[in-house]
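What you are looking at is a predicted structure, and each value in this text was computed from that prediction instead of being measured. Here, residue 1 is the first one in the sequence, and each next residue gets the next number.
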Amino acid sequence: MTDAPRAPKAPAHGGGLRLGYACVNTALPSSGRTVRLTNATPDRLRKLTADNLDTLETILRWNEQHGIEVFRVTSNLIPFGSHPVNELEWWEEYAARFEQIADLIRRSGARLSTHPGQYTVLSSVKPAVVAAAVAELEYQNRLLDTVALGPSHKIVLHVGSVERFETGFDRLSEGARSRLVLENDERISLDQVVPLAERIGVPVVLDVFHHRLAPSFDGLSTRELVLRTAETWKEVDGRQKIHFSTQAPGKRPGAHAERIDLDAFAELVDEVGDLPLDCILEVKDKEQSVLRAKERMRSAILRSGPRSSVDRAAVS
């Protein structure tokens with residue numbers, strides 16, 4: 001006798017779909033300004049760090065004014081934050097500035113995350129690459145700690161090699177491990193990521209676009225995939241996260257589109273818009289697409305009308 005298939009559990013946190021964007025606000029300066037390694041003097045690093053923190057605060061205030069609660073912070077907020085050239089104890093030098101930003105985050109209810117770049121490979125065969133990846137993840141954990149953010153503010157990472165990942169993972173501090181979230185991509189499909197994440201006890205962020213490039217879990221709808229990956233999220237991890245984008249026309253497979261495809265986004269909303277999800281739109285025009293998508297969601301709600309007596313009371 002075989003076991004019956006497991007029914008996906010519903011996410012534990014309240015609310016519907018919240019949208020955010022990554023790193024750059026196209027209307028504002030960059031919060032990831034850096035310098036060439038040969039010019040990375042302590043004074044130059046101090047100036048860049050101060051400027052980047054100012055810009056981050058400006059972006060977060062802009063997000064608050066526009067009702068955007070989800071934001072991915074650039075890995076370059078602290079220039080060379082994980083590199084030996086940066087010997088500054090920036091978390092101490094800028095403690096007062098970080099506390100001001102922390103107050104803003106608490107007041108606005110913002111949820112932050114980071115996403116190390118392609119060279120952060122915890123599962124590399126090269127020891128030096130793994131050591132650099134560990135340093136980068138510890139830096140990003142410290143960055144989130146410095147603004148007094150708990151483990152629901154996540155560090156999203158691609159797996160690389162499923163077979164070697166756990167060896168690198170075991171080198172991380174408890175704090176860094178508690179923030180880590182694994183993401184499927186066009187090389188490592190969701191059905192490879194989920195068992196690994198369950199084995200090491202971390203959540204999975206479903207990248208809807210990459211899943212279409214490397215499909216798995218045959219027969220499951222997007223909603224069912226979201227509910228399946230919801231099983232990896234614990235209460236302490238906060239709201240479940242997903243990523244959404246579409247293919248850039250004429251570019252290599254996997255290249256993110258310049259702006260959101262509102263029709264494709266409407267299909268996502270139809271499937272999972274009622275679930276408590278934080279969704280990063282991975283598009284090149286950043287906050288502009290978030291505003292368009294939020295407007296599309298509002299229009300859809302007005303067209304469809306309230307779903308229940310509770311909804312009717314809320315809009316009456």
Quick one: which residue pairs count as a salt bridge (charged side-chain N to carboxylate O under 4.0 Å, His left out) with a foot in residues 36-46, not counting sequence neighbours? Asp43-Arg46, Arg46-Glu93
Is it the case that the side chain of Ser289 and the backbone of Ile260 share a donor-acceptor pair, with hydrogens and angles ignored and the cut-off at 3.5 Å? yes
I need the full list of salt bridge (charged side-chain N to carboxylate O under 4.0 Å, His left out) pairs touching residues 263-273, with sequence neighbours left out, sorted by first then second residue. Asp263-Arg296
Leu196, Val202: one ILVMFWY side-chain cluster at the under-4.5 Å cut-off? yes
I'd like to know if Val272 and Phe209 are part of one continuous hydrophobic network [Ile/Leu/Val/Met/Phe/Trp/Tyr, side-chain heavy atoms within less than 4.5 Å]. no
Of all the heavy-atom pairs spanning Ser31 and Cys23, show the shortest one and how long it is. OG-O, 3.8 Å
Residue pair Glu183 / His243, side-chain donor-acceptor N/O under 3.5 Å: yes
Return the minimal non-hydrogen interatomic distance between Thr55 and Pro29, and the atom names on each side. CG2-O, 3.0 Å
Leu180 vs Ile200 side-chain heavy atoms within contact, under 4.5 Å: no
Please list, chain by chain and in numerical order, all residues satisfying side chain to side chain contact (heavy atoms under 4.5 Å, CB included) with Thr167, sequence neighbours excluded. none
Can you sort out the partners of Ile188 under side chain to side chain contact (heavy atoms under 4.5 Å, CB included), two or more places apart, ordered by chain and number? Val159, Val162, Asp185, Gln192, Val193
Identify the two heavy atoms, one from Leu291 and one from Trp62, that lie closest to each other, and give their separation to 0.1 Å. CD1-CH2, 3.9 Å
Can you tell me if Thr74 uses its side chain to pair, donor with acceptor, with the backbone of Gly32 under 3.5 Å? no
Does any part of the side chain of Val205, heavy atoms only, come nearer than 4.5 Å to the side chain of Lys154, both counted from C-beta? no
Less than 4.5 Å apart, side chain to side chain, heavy atoms only: is that true for Asn25 and Lys286? no
Between the CG atom in Leu157 and the CG atom in Leu182, the distance rounded to the nearest 0.5 Å is 6.5 Å
Pair Arg223 + Asp274: basic N to acidic O under 4.0 Å: yes
Grouping I, L, V, M, F, W and Y whenever their side-chain heavy atoms are under 4.5 Å apart, do Val208 and Val70 come out in a common cluster? no
Kindly work out whether a path of hydrophobic side-chain contacts (I/L/V/M/F/W/Y, heavy atoms less than 4.5 Å apart) joins Val24 to Leu77. no
Look up atom CH2 in Trp233 and atom CZ in Arg239, then write down how far apart they are to the nearest 0.5 Å. 10.5 Å
Under 3.5 Å, is there a donor-acceptor pair between the side chain of Lys241 and the main chain of Pro203? no
For Lys294, the side chain to side chain contact (heavy atoms under 4.5 Å, CB included) test, sequence neighbours excluded, returns Leu19, Ile68, Val290, Arg298
What donor-acceptor contacts under 3.5 angstrom involve side-chain atoms of residues 133-151, with partners at least two apart or in another chain?
unit_1 : atom_1 : unit_2 : atom_2 : d
Glu136 : OE1    : Ser82  : OG     : 2.5
Glu136 : OE2    : Gln140 : NE2    : 2.7
Glu138 : OE1    : Ser173 : OG     : 2.8
Glu138 : OE2    : Ser173 : N      : 2.7
Glu138 : OE2    : Ser173 : OG     : 3.1
Tyr139 : OH     : Ser75  : O      : 2.8
Tyr139 : OH     : Ile78  : N      : 3.2
Gln140 : OE1    : Thr114 : OG1    : 2.6
Gln140 : NE2    : Ser75  : OG     : 3.0
Asn141 : OD1    : Arg179 : NE     : 2.8
Asp145 : OD1    : Arg179 : NH2    : 2.7
Thr146 : OG1    : Arg142 : O      : 2.6

Taking every heavy atom of Phe165 against every heavy atom of Leu122, the minimum-distance pair comes out as CZ-CD2, 3.9 Å
For Ser123, all residues meeting side-chain hydrogen bond (donor to acceptor under 3.5 Å, both in side chains), sequence neighbours excluded: none
With under 30° as parallel and over 60° as perpendicular, where do the rings of His158 and His115 fit, or are they tilted in between? tilted
Go through it in stages, so that I can follow the logic: the residues are Arg259 and Val283, the test is side-chain contact (heavy atoms from CB on, under 4.5 Å), and I'd like the CA-CA distance, side-chain angles, deciding distance and then a yes or no. CA-CA 5 Å; Arg259 63 188 62 195; Val283 287; 5.6 Å; no
Correct closest heavy-atom pair for Val204 and Val181 would be C-CG1, 3.9 Å
Residues two or more places apart in sequence or in another chain: which of them pass side-chain hydrogen bond (donor to acceptor under 3.5 Å, both in side chains) with Asp54? Arg97
Please give the remaining members of the hydrophobic cluster of Leu88, linking ILVMFWY side chains under 4.5 Å, ordered by chain and number. Val35, Leu37, Leu45, Leu48, Phe80, Val85
Would you say Tyr21 and Gln288 make side-chain contact, with heavy atoms under 4.5 Å? no
Within the side chain of Asp207, is there an N or O that forms a donor-acceptor pair under 3.5 Å with the backbone of Asn184? no
Measure the spacing between CZ of Phe244 and OG1 of Thr222 and express it to the nearest 0.5 Å. 9.0 Å
Distance col, row Asp237:CG vs Ser152:OG, nearest 0.5 angstrom, shows 8.5 Å
Whether the side chain of Gln247 engages the backbone of Gly254 through a donor-acceptor N/O pair (distance < 3.5 Å, no angle test) should be reported. yes
Would a 4.5 Å heavy-atom cut-off, applied to side chains only, mark His66 and Glu287 as touching? no
With a 4.5 Å limit on heavy-atom distance, are the side chains of Ile155 and Pro116 in contact? yes
Would you indicate whether the side-chain heavy atoms of Leu275 and Leu227 approach each other to under 4.5 Å? yes
For the pair Glu224 (side chain) and Ser221 (backbone), establish whether a donor and an acceptor sit closer than 3.5 Å, ignoring hydrogens and angles. yes
Under the criterion side-chain contact (heavy atoms from CB on, under 4.5 Å), I'd like the reasoning laid out for Ile280 against Val156: C-alpha separation, chi angles, the key distance, then a yes or no. CA-CA 11 Å; Ile280 291 283; Val156 180; over 6 Å; no
Euclidean distance, Glu186 CD relative to His210 NE2, rounded to 0.5 Å: 4.0 Å
So CZ of Phe71 and OG of Ser108: to nearest 0.5 Å the spacing works out to 12.0 Å
Validation row: Leu104, Gln100 side chains within 4.5 angstrom (heavy atoms): no
Residue pairs passing the side chain to side chain donor-acceptor pair (under 3.5 Å) test where at least one lies in residues 124-134, sequence neighbours excluded: none
Only pairs at least two apart or in different chains count here, so list each salt bridge (charged side-chain N to carboxylate O under 4.0 Å, His left out) that has a residue in residues 61-76. Arg18-Glu69, Glu57-Arg61, Glu64-Arg107, Arg72-Glu282
For residues Leu213 and Leu225: do they belong to one hydrophobic cluster (side chain heavy atoms under 4.5 Å, members Ile, Leu, Val, Met, Phe, Trp, Tyr)? no
Can you name the residues that form a side chain to side chain contact (heavy atoms under 4.5 Å, CB included) with Thr58, not counting sequence neighbours? Leu28
